[in-house]
> 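Attaching a single structure in structure tokens format; questions to follow.
In what follows, chains carry the letters A, B, and so on, assigned in the order in which the sequence lines appear, proteins first and then strands, with residues in each chain numbered from 1.
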There are 2 protein chains.
Amino acid sequence: MPERIIKAFKNAEIEKISHLDYFNIAVSVDCVILGYEDKQLKVLLIKSDLEEFSGLNSLLGDLVRPDEDLDEASYRILRERTGLNDVYLEQVQTFGRLDRHPSGRVVTTAYFSLLDLHHHQLRLSHNDLHWHPVHKIGKLAFDHKDILDSCLHRLRQQVLERPLIFSLLPEKFSLRQLQEVYESILGTELDRRNFRKKVSLKDWLVDLGEMETDVPHRPGKLYKLNPTLKKRLRARLRVS
Amino acid sequence: MPERIIKAFKNAEIEKISHLDYFNIAVSVDCVILGYEDKQLKVLLIKSDLEEFSGLNSLLGDLVRPDEDLDEASYRILRERTGLNDVYLEQVQTFGRLDRHPSGRVVTTAYFSLLDLHHHQLRLSHNDLHWHPVHKIGKLAFDHKDILDSCLHRLRQQVLERPLIFSLLPEKFSLRQLQEVYESILGTELDRRNFRKKVSLKDWLVDLGEMETDVPHRPGKLYKLNPTLKKRLRARLRVS
DNA sequence: TACAAATATGTACTTGAAACACATTAACCG
DNA sequence: CGGTTAATGTGTTTCAAGTACATATTTGTA
């Protein structure tokens, strides 16, 4: 099989390189899994078990299996690590630096996903899995800090245009909660009145006619995401 | 070496799959090389030499070599195919469908680049290389139509925000030429007066104090890209 | 029951985009 | 050579969106 592929890419210089070398590249995916808690955006990390990176955390990744799509692989990792199925997932960028993995050549494709950190189905697969506030993260194993940063950059670009952010919140939420999520992602303070005007113009929200409970102040109205949009979010990630 | 990598990704299910299978995935890059001519955006394509796709064109791609970065690989393809060095290049997306290549599993990363189709250094490497108007393209080999579309989508997103478009034009150009390029990319007509106002606010342009020649009407002023921005464009793609 | 703190809604101002008009210049042609 | 044509080059007006800002209302708490 490998020979067939190399033949398909017939290239003048091909004889200079051993055929097998072309298949010394491994393909992996890495997931930047983001949640929201205590007014902070958090990312799910695991302690690296490579001695080269002892003491450092890394993103959740795995080799892509011979029989699975890239999207499927990232979806599988998410499922294995969190137990969650209906999660927003988006490919961001592929990283292929020669020395990015100490054990050999690994090209990795980064995905980010957003989920409700307090979802009742959330079951972390491993004791060494923990949520870390993204703005407190220093070094990570491999080039994972770069990967994280590129995903956060993409998230910030998209978050005002598309209704992604609701995956971070529980089913019902108040406008204050929603605003706080935006503020933690964008790293800026927003004017409450203008914010409310902006989201109300977008027809993203449905007023539930209910109020917050157990808050130490005047309760606000509760909203949920417009069901049509919710379906559309799910549709994007139907993989397996 | 492969064994070391697989060990590094220790996974519960790893034993189910033959170790070597993980390295049956080839990694390639495909370049969507865009130029501008006759008021049309054009893409450089080559006749596919696979019998499965006989009669169809394909993008320019190649396997990533064991000793080169993804960016380097796309840069090399560009150089080999066009003879050009200083070209804008941007990674867009990675495609990994299982059946996307008839000869086996190939994961490919798509790049797009913009260049001046009439550049004096441009030397196409091959007789079967031709420029095709993007809006007239039907089928392509592999999933290359999807790749082309995703690159065009990205280009349309970026073109109003960042000064990419100038790579498509010669050193000196008139505002009319610039507007025509925008219109062909965005697929819309723009108001001349509003367009001029918009670009003049962006400090992208330098007035050369020269005029068009050999035009069958009143000549317009000639401009060039602000040299600072030009340097910055080049800096993004310094690879080898 | 007064106060603190958050919700809820509205208005004036500023900026940017969209629609539109007119004077100017050079090529072309009778 | 002068009138016509077809571009260039610079406005202005209008409208929508964004930003800054104020006040009344509701609930929890001391």
> Looking at B:Lys230 and B:Glu171, does any basic side-chain N land under 4.0 Å from a carboxylate oxygen?
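Between B:Glu171 and B:Lys230 there is a salt bridge, with a charged N closer than 4.0 Å to a carboxylate O.
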> If you pin B:Pro216 and A:Arg176 to their nearest nucleotides in DNA chain C, which one's is more 5'?
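On the 5' side of the pair lies A:Arg176.
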> Is it the case that the ring center of B:Phe95 lies less than 6.0 angstrom away from the ring center of B:Phe142?
no
> Below 30° counts as parallel, above 60° as perpendicular, anything between as tilted: where do the rings of A:Phe112 and A:Tyr88 land?
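Ring orientation, 0 to 90° scale: tilted.
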> Taking atom P of C:dA18 as reference, at what distance in whole Å does atom CG of B:Leu190 sit?
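These atoms are roughly 9 Å apart.
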> Pick the nucleotide of DNA chain C nearest each of A:Gly220 and A:Lys197; which residue has the one closer to the 5' end?
A:Gly220
> B:Lys221 vs B:Glu210, test: salt bridge (charged side-chain N to carboxylate O under 4.0 Å, His left out). Steps then yes/no.
CA-CA 6 Å; B:Lys221 286 189 195 174; B:Glu210 299 174 51; over 6 Å; no
> Given C:dA6, C:dA17, C:dT9, identify the nucleotide with an atom nearest to the side chain of A:His217.
C:dA6
> Side chains of B:Asp71 and B:Tyr111: donor-acceptor distance under 3.5 Å anywhere?
yes
> Please give, in whole Å, the distance from C:dG10 P to A:Arg196 CZ?
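One finds 12 Å between P of C:dG10 and CZ of A:Arg196, rounded.
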> Starting at atom CE of B:Met211, determine the distance to atom C1' of C:dA26, rounded to an integer number of angstrom.
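Interatomic distance, CE of B:Met211 to C1' of C:dA26: 9 Å.
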> Can you tell me if A:Thr108 and A:Ser28 form a side-chain donor-acceptor pair at under 3.5 Å?
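Side-chain D/A pair, A:Thr108 to A:Ser28: present.
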> Both B:Asp191 and A:Asp191 contact DNA chain D. Taking the nearest nucleotide for each, which residue is further toward the 5' end?
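Of the two residues, B:Asp191 wins.
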> Counting side-chain heavy atoms from C-beta on, which of C:dA18, C:dG10, C:dT7 comes nearest to A:Arg193?
C:dG10
> Quick check: on DNA chain D, is the nucleotide nearest B:Asn194 upstream (toward 5') of the one nearest A:Asn194, or the reverse? Name the residue that is more 5'.
B:Asn194
> Whole angstrom is fine here: how far is it from CG in B:Leu160 over to C1' in C:dG16?
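Taking CG of B:Leu160 and C1' of C:dG16, I get 14 Å after rounding.
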> Would you indicate which nucleotide in C:dA8, C:dA21, C:dA18 comes nearest to any side-chain atom of A:Arg192?
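That would be C:dA8.
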> Does anyone know the first and last nucleotide of DNA chain D in reach of chain B, 5' to 3', at under 4.0 angstrom to a heavy atom?
D:dA7 to D:dT12
> Nearest of C:dT25, C:dT7, C:dA17 to any side-chain atom of B:Arg218?
C:dT25
> Do B:Phe195 and B:Tyr182 have ring centres separated by under 6.0 Å?
yes
